[in-house]
Amino acid sequence: MTSTTERTDVSPTSTTAAGLAAPAGPTTLDALEAEGIHILREAVATARKPVILFSGGKDSVVVLHLATKAFWPGRVPVELLHVDTGHNFDEVIEFRNATVARLGLRLQVASVQSYIDDGRLRERPDGTRNPLQTVPLLDAIAGHGYDVVFGGARRDEEKARAKERVVSLRDEFGQWDPRNQRPELWSLYNTRHLPGQHVRVFPLSNWTELDVWRYIEREGIELPSLYYAHEREVFERDGMLLTPHPSVKLRDGEATAPRIVRYRTVGDASCTGAVESGAASVADVIAEVAATRITERGATRADDRLSEAAMEDRKKEGYF
Amino acid sequence: MTALDLTPAADAAPVTSLLRFATAGSVDDGKSTLVGRLLHDTKSILADAYEAVERVTRERGGEGVDLALLTDGLRAEREQGITIDVAYRYFSTPRRTFILADCPGHVQYTRNTVTGASTADALVVLIDARHGVVEQTRRHLAVAALLRVPHVIVAVNKIDLLAWERAPYEAITADVATLAAGLGLEVTTVPVSALLGDNVATRSQNTPWYDGPTVLDLLETLPSGDEIAAALDADGARAVASGATPASAWRLPVQYVLRPQDAAIAPEYREYRGYAGQVAEGVVRVGDEVRVQPSGRRSTIAGIDTADGPLESARAGQSIAVRLADDVDVARGDLLSSVADAALPTKHLDAHVAWLAERPLRVRDRVLVQHGSALVQGLVSGITGVLDIALPGGTLDASIVPGGELGLNDIGVVSIVLAQPLAVEDYGTHRRTGAFVLVDPQDGGTLAAGTARAAEPGTGTDGYLSV
Ligand SMILES: Nc1nc2c(ncn2[C@@H]2O[C@H](COP(=O)(O)OP(=O)(O)OP(=O)(O)O)[C@@H](O)[C@H]2O)c(=O)[nH]1
């Protein structure tokens, strides 16, 4: 990663993350990594057919990285599944394909576009496709017979997620019942389920956004270039900076201008906004995140703003 | 409305240790407020979350910011105004990162306290200073004792409503100390006002008679499980360096057998065979003798591997793979352990069981017992008693009353006969390998948390009881 941007440190130690002498005790990252590996091994060992949801977004990239460590020196014994909204950034799809090829894995793609093309799903008036991912996801899970589905969700992302288990049971409709969750005791994870049910497993449950970035730095994990500052033609809508895209047409009165931006999440291009930022390297991003004043989802996902309980509603519906 | 100080509390320094803690209290003791206060005072609340809470407070006709709303997650709770499930919260100070399991207080949700306490290095129990020790306090302390939570912090809350007086606090402290002594708990009490912030993260000017630590001081300085393991590792390394044999009791449940063959990432690993797992206890070293449980076979640790390279030793909490010197049969579900103090596998489990399901547990019920990565069938052969949560006997053992079945939230003494032997140990000395859960053989649901009690004498030297 090249970093030439001048910036002021938020703390004297922010640039020395990788260079610090190893501490005597285990660090937070050591503990989180060991826990994530434990969860992955446990769930894969008990699965008939596991799958990792892989979008090329940073959380799914970190899950995949943990999996490569958990099953070293073998290849990751798990397929990948991408629920493709058809609104992805090209860089992200390229990154996704390159990663899959490098690790010698098998990728399945569930395409929202094909559901829209043949009429099984209809485009929403607001053009947002994240909520449309649910049906193709559930169909893919049923069609491929996946019983353990790994996701990169973190509990710190949003209030409803704060109560989700590491191993979360889903019914035939993919629904999550917040009132009827299994107690999760010690590190004894229960992945048992009935035919037709499956479990979602979240190895990064206990990570924060900052932990994820520090881990990306420590491990030298590659990410799609969108996560780092770059110049881009963007326009403002509902307080967000959007890129024109076949799915995001300029409306009257909207005009693009070049700005230095980066993305904090890389989902559906039609509703994922960029933030103005000069953070061109991982270290820059860590400094920025450490100083940030807005939670990640709040900053950039239009669909989370629909209502305060939006996330909870979609989770009950089987969304990630 | 004073402006929120949004200076980041956690600087970008990654070298912090991790402490897991849980909170418990009865309804309206102010637990949500205390948690909100901790998050607020450690500057862990981001601007948009803070503004959302400010808005909701206003919508409900309140003033300022109701800190309790910061941790009330689900819609059902917002509607009823109560916390109904464990919510996990994350915050940090320059010294530590914290994982907080925020457990609801109602009697019917005690199962959540059990859940939160099972992974906790510390438990914070709330007491309303106006009410003192109530039944829920006893229940929470009993759970802490049952699950051997290493430290309990009792926050005596709402002292502002008692004009910051010392006497009521001292009386509660004395009651708590008596309970703690009977339960064998290490307890520290702190007088706090969660609402106003006194002695939560900052020392109170209103309690000049109190010179102990704040709640946050305690959380920042209590030794975490990881740190204790690290100290043990360092001791062992010194012993090895000085030529002495390190004290080496360790446990490694085998989760996964790594045998890549054609899927090896490089040709030299085609024949690799490693036993992967997370060290449950102690420090394992290359060259250590190994006993494989329950088969009893022996071997030696030939190597300890991670994706980042080989290690000389690995301590509790680390996820590793070990290679053995001999070609012994090892499978998922086996427990690798040091030899001298290896547990005897048993087909007879005698345990405290916290029953977490709606339907009752009865004698002759069939269950699945999940222990480490092993899952075996079990048959409930006896329920000898149920814990009276009012703790009339002062200790757990002296408060067991006769009872033939367990209902939701009951804690009982249960015997289970196992279809295959398991190397279950006394939970009192082995928090990981003494723990198990009971699973419904039919729908796979999690039914109970179990903590094994030392095997009864007369079980037989091979650990197998004839039943
Ligand atoms: N005066 C005073 N009031 C407090 C204090 N702490 C909490 N309260 C109030 O007590 C009430 C209950 O507080 P909560 O934090 O919602 O209680 P809880 O224990 O989380 O209750 P549940 O969410 O129902 O389990 C609220 O009105 C708080 O404002 C305190 O230290 N002093």
Side-chain angles (χ1 to χ4, degrees), chain A residues 10-11 13-14 17 20 23-29 31-34 37-38 41-42 44-45 68-75 77 155-156 159-160 162-163 178-179 181-188 190 192-194 205-206 208 210 214 218 286-287 290-295 298 308-309 312, chain B residues 6 8 10-18 46-49 52 73-76 84-90 97 99 111-112 114-115 118-119 226-227 230 234 255-256 258 260 263-266 269 272 276 278 306-307 317-319 332 356 370 373 432 435-437 439 443-446 449:
Chain A
V10 291
S11 90
T13 47
S14 60
L20 279 176
T27 65
T28 297
L29 291 185
L32 293 174
E33 178 189 69
I37 289 174
H38 173 78
R41 285 171 172 168
E42 199 61 20
V44 170
T68 63
K69 297 185 93 165
F71 300 102
W72 179 97
R75 279 200 298 271
R155 290 184 183 135
D156 83 324
K159 272 209 249 177
K163 307 210 167 183
R179 299 207 79 148
Q181 299 199 79
R182 288 175 177 171
E184 202 152 72
L185 301 144
W186 296 287
S187 48
L188 299 174
N190 180 0
R192 290 179 78 80
H193 55 274
L194 297 172
S205 286
N206 286 326
T208 63
L210 201 50
R214 285 172 178 160
R218 182 180 98 168
I286 290 173
T292 201
R293 291 157 186 234
I294 305 233
T295 53
E308 219 213 313
E312 193 183 330
Chain B
L6 286 161
D11 59 31
V15 187
T16 50
S17 63
L18 181 68
L46 299 168
D48 57 344
L74 299 178
R75 171 173 285 189
I84 55 164
D85 203 346
V86 184
Y88 293 87
R89 296 278 146 202
Y90 304 85
T97 327
I99 300 179
R111 67 181 212 155
N112 294 315
V114 173
T115 302
S118 69
T119 50
D226 282 340
E227 285 169 342
Q255 282 189 281
Y256 199 95
L258 293 167
I265 54 165
Y269 298 119
Y272 183 90
Q278 187 173 26
T306 70
Q318 287 185 281
S319 281
R332 169 175 163 82
L356 309 174
Q370 186 177 343
S373 42
R432 289 275 161 221
F436 62 90
V437 297
V439 173
D443 69 10
T446 303

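Every heavy atom of this structure was used, including side-chain atoms; hydrogens, water molecules and symmetry mates were not.
Within the 4.5 angstrom heavy-atom criterion, atoms from both the backbone and the side chain of Gln370(B) approach chain A. Only the side chain of Leu258(B) comes within less than 4.5 Å of a heavy atom of chain A; its backbone N, CA, C and O stay farther away. Proximity to chain A involves both the backbone and the side chain of Val437(B), based on heavy atoms less than 4.5 angstrom apart. Contact of Tyr88(B) with chain A is made through backbone and side chain together, with heavy-atom distances under 4.5 Å.
With hydrogens and angles disregarded, no donor-acceptor distance shorter than 3.5 Å links the side chain of Arg192(A) to the backbone of Gly444(B). A donor-acceptor pair under 3.5 Å is absent between the side-chain atoms of Glu42(A) and the main chain of Ser187(A), judged by distance alone.
Residues Arg214(A) and Leu32(A) are not in side-chain contact: their nearest non-hydrogen atoms beyond the backbone lie 4.5 Å or more apart. Considering only heavy atoms from C-beta on, Thr97(B) stays 4.5 Å or farther from Tyr90(B) through its side chain. Side-chain atoms of Pro183(A) and Val114(B), non-hydrogen and from C-beta on, never get closer than 4.5 Å to each other. Annotation: side chain of Gln255(B) is in contact with side chain of Arg332(B) (closest heavy-atom distance under 4.5 Å).
Options Pro260(B), Ala276(B), Ser319(B) differ in how many heavy-atom pairs under 4.5 Å they form with chain A, and the most are formed by Ser319(B). The candidate from Ala266(B), Ala449(B), Gly317(B) with the greatest count of non-hydrogen atom pairs under 4.5 Å with chain A is Ala449(B). Ranking Ala70(A), Ser205(A), Ala45(A) against chain B, the residue ahead of the rest is Ala45(A), based on heavy-atom pairs under 4.5 Å. In terms of non-hydrogen atom pairs under 4.5 Å with chain B, the most contact-rich of Asn206(A), Thr68(A), Val44(A) is Asn206(A). Each of Ala34(A), Pro73(A), Ala31(A) has some count of heavy-atom pairs under 4.5 Å with chain B, and the biggest count is that of Pro73(A).
Shortest non-hydrogen contact noted between Glu184(A) and Arg155(A) is OE1-NH2, 4.1 Å.
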